[in-house]
Every structure is written in C-alpha cells, then in structure tokens.
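Scroll down for the structure; my scribbles are underneath it.
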Amino acid sequence: MGFFGSDEFLVMFVPILVYWVYSGIYEVLSPLENYRLHSKRDEEIKNLVSKRDVVKGVLFQQAIQAAISLAACKVSGQDAEAAASPDSYLLTVARQFFIAMVVFDTWQYFVHRYMHLNKFLYRNFHSWHHRIAAPYAFAAQYNHPIDGIVTETLSGAMAFFISGMSSRTSIFFFSFATIKGIDDHCGLMLPWNPFHMLFRNNTAYHDIHHQLAGSKCNFAQPFFVMWDKILGTYVPYTIERRVGGGFEARVAKP
C-alpha cells in the first residue's frame, strides 16, 4: 500500500477527515434552536467573516498542519509498535494521552494568553479567530496561519514528542483533540453531550472567552481549566434561558 497506507499518512489525513465529519454532524444539528447558545441571526450579525472564507482558512491551516505532522513523524522515527509492550499497552497509551493533554493545554494556555495581552500579536494574528463572536463547529480551527502554527500545530508537536507516543497512537490522540476543539466551538448545549460531563472546559466555558466581557479570561483550551484556576484568569459563568429559545452563557456576577 506504500505511503497511503502508512501511519504517517493516517496522522496527516484522519484528523482532517474527523474535523469535517464531526463538524458536519453539528451543522445538521444546528437547527435545534432550543439548545443553541447563539441564534442563527446572531451568527449572521455578530460574525465578521463569511462561512465561505472560514472554510478556505481552515483548509489552508490543515494543509500546513498535515505537512508539519508528516515532518514530526519522520523526525521521531517511531513505528507503530514502539509505544509499549503488549502487556502494558493500554496503561502506556493512557499515560501518554494524559501527558499529551497536559502539554497540549499548557502550551496553548500560555501562547493563547500572550496573544491576547500583546496588542500587536492580537491585532495582526489572533483577532482572526475572534472574528467569530458567535462560534459554530467548523470555525473551530479558523485562525491566522501564523497563529494556527504557533498556538495549535506546535502544541500538537510538543505533545507528540514529550509524551513519546507512536505515530499510530497519535492518530487517536489528535482525532480526540480535534473532536474536543470542535465541541468547544459548536455553540450547542446538548443535554447528552459526554464532554460536558467529563470536562469543565466545555462549549459554554469557551463561549465566554469569545464574548467581549470574557476576552481577557478563560484562556484554557481544550481539555482542562487548571491554568486559568492557578493563574487567576478563570471566570465562572451561568447558563440561562434566552428569550426566544435556546441558552445564553453569561459571566457570573460577583
């Protein structure tokens, strides 16, 4: 099968496929107004970039991401069986996933926060992502290319190398991280969503960050809220019923 059947190709291709399939599911569910954090009208009025441009921007970033993923796999030189012995495979993968999640979150928190604090970086790079004031699923990876590389792609590379996972294991990790990032931007508070039960960093939590009142807080993404808690940038929120249907995430009053 050659390259197209290799783990390196799957690392490049599978997370991209997962991105469009999973975000497509949320697009199908988007008419569920009773669960939306923003109405369809809000999406049209508040967002400063068209969905067509969002698609083009995401595809461009994913092309860069795929190239860096391939390079990381080649540099690592790890094969599919190098991650763990058969007797301890699941334990090893669980450990690698946890380490990768912590590294992923740590890199993204500090870079993301600095992107907001530095006016030049925010104006020229990170503000692209905040053109989406009413988030929706397939806008999760809409970033300026430089922001996308520094904040997301490099965080993935660091997680990959520090955790010591194999290329094959990384297929599952990056697919999981992709799904979680989409979920954080989906704009739907579905009652059966397992991510809302497992993680405090969820759709509403990140929606606060996309609001003007919360743009200097809730930087953590995509898994934990520990750095926001430790460094004082955590802001609690409430979820309230919106007039006309659906929900609204609001910064909690002191």
Arg113 side chain to Cys217 main-chain N or O, any donor-acceptor pair under 3.5 Å?
no
Under 3.5 Å, is there a donor-acceptor pair between the side chain of Asn143 and the main chain of Gly148?
no
Taking ILVMFWY side chains as joined if any heavy atoms are under 4.5 angstrom apart, and letting links pass through other members, which residues group with Ile162?
Phe60, Ile64, Ile68, Ile99, Val103, Trp107, Val111, Tyr114, Met115, Phe120, Leu121, Phe125, Ile146, Ile149, Val150, Leu154, Met158
Between OH of Tyr26 and CG of Leu32, what distance do you get to the nearest 0.5 Å?
11.0 Å
Atom CG of Asp42 and atom CZ of Arg36: how far apart are they, to the nearest 0.5 Å?
8.5 Å
Taking all non-hydrogen atoms of both residues into account, name the closest pair between Ala213 and Val251 and its distance.
CB-CG2, 4.3 Å
With no hydrogens and no angle check, do the side chains of Thr203 and His196 hold a donor and an acceptor under 3.5 Å apart?
yes
With side-chain contact (heavy atoms from CB on, under 4.5 Å) as the test, would you mind laying out the steps for Arg168 and Val93 before giving the verdict?
CA-CA 11 Å; Arg168 182 164 298 178; Val93 169; over 6 Å; no
Pairwise distance OG(Ser170) to CZ(Phe176) - rounded to 0.5 angstrom:
15.0 Å
Would you check if Met101 and Phe224 make a side-chain contact, meaning some heavy-atom pair closer than 4.5 Å?
yes
Atom pair CD1 (Ile171) and CZ (Phe9), whose distance is rounded to the nearest 0.5 Å:
10.5 Å
So OH of Tyr22 and CD of Glu27: to nearest 0.5 Å the spacing works out to 13.0 Å
Within the side chain of Ser155, is there an N or O that forms a donor-acceptor pair under 3.5 Å with the backbone of Glu152?
yes
So for atom CZ, which belongs to Arg52, do other residues, nucleotides or ligands contribute more than 12 heavy atoms lying within a distance under 6.0 Å?
no
Hey, what's the ring geometry for Phe138 with Tyr136, parallel, tilted or perpendicular (30° and 60° as the breaks)?
perpendicular
Before accepting this row, confirm whether a basic side-chain N of the pair Lys180/Asp183 lies closer than 4.0 Å to the acidic partner's carboxylate O.
no
I want to check a possible cation-pi pair here: Lys51 against Tyr142, using under 6.0 Å from ring centre and within 45° of the ring axis as the test.
no
With Arg200, which of Phe223, Tyr234, Tyr205 fulfils side chain to side chain contact (heavy atoms under 4.5 Å, CB included)?
Tyr234
I'd like to check Pro31 versus Lys40 (side-chain heavy atoms, cut-off strictly below 4.5 Å). Are they in contact?
no
For the pair Gln62 and Trp20, evaluate side-chain hydrogen bond (donor to acceptor under 3.5 Å, both in side chains) and give the outcome as yes or no after the intermediate values.
CA-CA 11 Å; Gln62 289 175 336; Trp20 293 107; 2.9 Å; yes
On the 0 to 90° scale, with breaks at 30° and 60°, tag the Phe219-Tyr109 ring pair as parallel, tilted or perpendicular.
perpendicular
Shortest non-hydrogen contact between Phe160 and Met165, atoms and distance
CE1-O, 3.4 Å
Report the C-alpha distance between Ser166 and Thr169 in whole Å, list the side-chain angles of each, state the deciding distance to 0.1 Å, and finish with yes or no for side-chain hydrogen bond (donor to acceptor under 3.5 Å, both in side chains).
CA-CA 5 Å; Ser166 68; Thr169 299; 3.1 Å; yes
Quick one, His126 with Asn118, criterion side-chain contact (heavy atoms from CB on, under 4.5 Å). Give me CA distance, side-chain angles, the key distance, then yes/no.
CA-CA 10 Å; His126 191 60; Asn118 185 295; over 6 Å; no
Any sub-3.5 Å donor-acceptor pair from Asn193's side-chain atoms to Phe195's backbone N or O?
yes
With side chains defined as the heavy atoms from C-beta onward, is the minimum distance between Leu37 and Glu248 less than 4.5 Å?
no
Can you label the angle between the His112 ring and the His209 ring as parallel, tilted or perpendicular, going by 30° and 60°?
perpendicular
With side-chain hydrogen bond (donor to acceptor under 3.5 Å, both in side chains) as the test, would you mind laying out the steps for Asn202 and Asp184 before giving the verdict?
CA-CA 5 Å; Asn202 56 34; Asp184 291 346; over 6 Å; no
Within a strict 4.5 Å, meaning less than it, do heavy atoms of the Phe104 and Thr106 side chains meet?
no
His130 pairs by ring pair (Phe, Tyr, Trp, His ring centres under 6.0 Å) with which of His185, His116, His144?
His116
Counting N and O atoms only, with roles assigned by atom type, does the side chain of Asp228 sit under 3.5 Å from a partner on the main chain of Ala220, one being a donor and the other an acceptor?
yes
So Val58 and Tyr19, do their side chains get closer than 4.5 Å, heavy atoms only?
yes
Evaluation steps, side-chain hydrogen bond (donor to acceptor under 3.5 Å, both in side chains), between Gln61 and Gln141:
CA-CA 8 Å; Gln61 179 175 320; Gln141 291 183 4; 4.5 Å; no
Between the CG atom in Asp207 and the CZ atom in Phe247, the distance rounded to the nearest 0.5 Å is 13.0 Å
